[in-house]
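Working notes for the structure below.
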2 protein chains.
Amino acid sequence: MRPEMTDTKGITRAERLAGEIADAILAGDLAPGSRLDEAGLAARYGVSRTPVREALRQLAATGLIDAKPRRGASVSHVTSRQLETLFVAMGEIEATCARLAAISMTPIERRRLEALHERMGETAARNEEAVYAEANVAFHTMIYAGANNAVISDIATGLRRRLSPFRRAQFRAPGRLTLSHGEHDAVVKAVLRGDAATAHAAMLRHVSLVEDAFEQLAQVAPHRAGG
Amino acid sequence: MRPEMTDTKGITRAERLAGEIADAILAGDLAPGSRLDEAGLAARYGVSRTPVREALRQLAATGLIDAKPRRGASVSHVTSRQLETLFVAMGEIEATCARLAAISMTPIERRRLEALHERMGETAARNEEAVYAEANVAFHTMIYAGANNAVISDIATGLRRRLSPFRRAQFRAPGRLTLSHGEHDAVVKAVLRGDAATAHAAMLRHVSLVEDAFEQLAQVAPHRAGG
DNA sequence: CTCCGACAAATTGCATGCAATAAATAACAA
DNA sequence: TTGTTATTTATTGCATGCAATTTGTCGGAG
């Protein structure tokens, strides 16, 4: 449940290894289905098998890799069916965050959300993909935090991480930036006025549309992890 | 995500240990705040420290225990504030499951839910606490399954486990059984007729009332878990 | 030619030993 | 007496070796 919140400077090798391996997977260096041999990883990272084992367990808990008792671990290769399940879950959780944010965001949080949203409008108008993508992460993170519920925001963060490799190019679709900002607008307006039900629905719709955008891209360039 | 939670007959010692320790915690044998000494546990369960370590990591991932890098692990003692956060999260997730169940339950699942609900009505009328409590677990599990989303039902199951020690006596309050059944009734009716929004609201209300019932009991017998 | 079984190789799970670090205590100075 | 520091101790993190189990291959029988 707690991947890491304020985890005390993961000084342990296992923690660092988990991060390294996760990055390698998310970056596509380790393709889905790749076998994660303990000895091999130990040699590759210059440590013994023990921290590798712990790192693998940790990653298995997040669902990033798939480990069965005596049969080793492999990069969990996500089927399109599972991917849809993940997107649906992500949508529901984000919608829940928006719902809670509408109820319990502090005035300061609302001001900051509004300010970020306006800035993103300008970014979208100038069609600056990279800048918008970065701000987008901040936007959603702000919604998670606004829920003022550590358990749910942890869940949301975990899901976001798992989906991150599939969201790389989500703003490539033509006109997606302004569309995204428009969808955000509905969410922000509802949150600011404290309309929980509408915030929920608006966020659900937004994430569903993100999923659609992904699927269109996926058809063009089927995912070989090399994203 | 993980196709199976009840992993392949946890043949490994670490898996079994994780279960044993979790049971000990949930049963109250290990009080919140208790230090979980690796060597001690290893001796107690007659194994070496290695599987104990892995079991502790596993439990830390579920939030049941709290492990910091060089400072060992201890039974995470839940503050009342965190407990409220957990209850809120549980409510939101369960409500989401109900929402999805209303949308995507198969006809067979709906029939079974209805049948169980009717049986529970009779049990409640006869005021059979233990039987009702067991059926209640099945009821909620059925809602999770009805969401037809493995990711979300996994999350719900995890939260339920974390909260289970605090729900033991939830049906002790006088008249709670028939009240519970009435709340279920609203959920079931909405789910059966495919009314997602109402199912969401009804389940949210139900879980909130469960939380209230808990808090009343908690005032009578405080857990000294607070801090 | 196919299928079944035994054997061999590789890999994981577990135990144990050592090193590193944090908590606890004792000693010393102000 | 109290505050600071050095030492001691206990516990975790890591490395390595061995045992158990799985998988792939080879041989033989049908």
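A quick note: this is a predicted structure, and the numbers were derived from the prediction, not measured. Proteins get letters first, then strands, A, B, ... in listed order; numbering begins at 1 in each.
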Applying side-chain contact (heavy atoms from CB on, under 4.5 Å), name anything that partners A:Arg44, two or more places apart in sequence or on another chain.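 Result, side-chain contact (heavy atoms from CB on, under 4.5 Å) vs A:Arg44: A:Leu30.
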
How would you list, by chain and number, every residue that makes a side-chain contact (heavy atoms from CB on, under 4.5 Å) with B:Ala89, sequence neighbours excluded? A:Asn149, A:Val151, A:Ile152, B:Leu159

Rounded distance (Å) that lies between atom [atom2] of [N] and atom [atom1] of [X]:
X       : N      : atom1 : atom2 : value
B:Asp37 : C:dA22 : CG    : P     : 18 Å
B:Arg53 : D:dC14 : CZ    : C1'   : 8 Å
A:Glu54 : D:dT12 : CD    : P     : 12 Å
B:Glu38 : D:dC14 : CD    : P     : 11 Å

Applying side-chain hydrogen bond (donor to acceptor under 3.5 Å, both in side chains) as the test, list every pair that has at least one member in residues 31-40 of chain A; sequence neighbours left out. A:Glu38-A:Arg49, A:Glu38-A:Arg53

Using the test ring pair (Phe, Tyr, Trp, His ring centres under 6.0 Å), find all partners of B:His117 that sit at least two apart in sequence or belong to another chain.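 Testing B:His117 for ring pair (Phe, Tyr, Trp, His ring centres under 6.0 Å), a comparison that skips the adjacent residues, returns B:His181.
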
Quick one: label A:Leu56 by what it contacts on the DNA or RNA (base, sugar-phosphate, nothing), any heavy atom closer than 4.0 Å. nothing

Partner of A:Glu109 by side-chain contact (heavy atoms from CB on, under 4.5 Å), out of A:Met105, A:Arg111, A:Arg112: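 Only one of A:Met105, A:Arg111, A:Arg112 forms a side-chain contact (heavy atoms from CB on, under 4.5 Å) with A:Glu109, namely A:Met105.
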
Under 3.5 Å, N/O pairs linking protein and nucleotides 15-17 of chain D:
unit_1: D:dA15; atom_1: OP2; unit_2: A:Ser48; atom_2: N; d: 2.8
unit_1: D:dA15; atom_1: OP2; unit_2: A:Ser48; atom_2: OG; d: 2.8
unit_1: D:dA15; atom_1: N7; unit_2: A:Thr50; atom_2: OG1; d: 2.9
unit_1: D:dT16; atom_1: O4; unit_2: A:Thr50; atom_2: OG1; d: 3.3

Residues in side-chain hydrogen bond (donor to acceptor under 3.5 Å, both in side chains) with A:Tyr144, at least two apart? A:Glu94, A:Arg160

side-chain hydrogen bond (donor to acceptor under 3.5 Å, both in side chains) partners of A:Glu20, counting only residues at least two apart: none

I'd like a list of close polar pairs between nucleotides 20-24 of chain D and the protein, N/O only, cut-off under 3.5 Å.
unit_1: D:dT23; atom_1: OP1; unit_2: A:Arg71; atom_2: NE; d: 3.1

Kindly write out the residues that satisfy salt bridge (charged side-chain N to carboxylate O under 4.0 Å, His left out) with A:Arg110, not counting sequence neighbours, or none if the list is empty. none

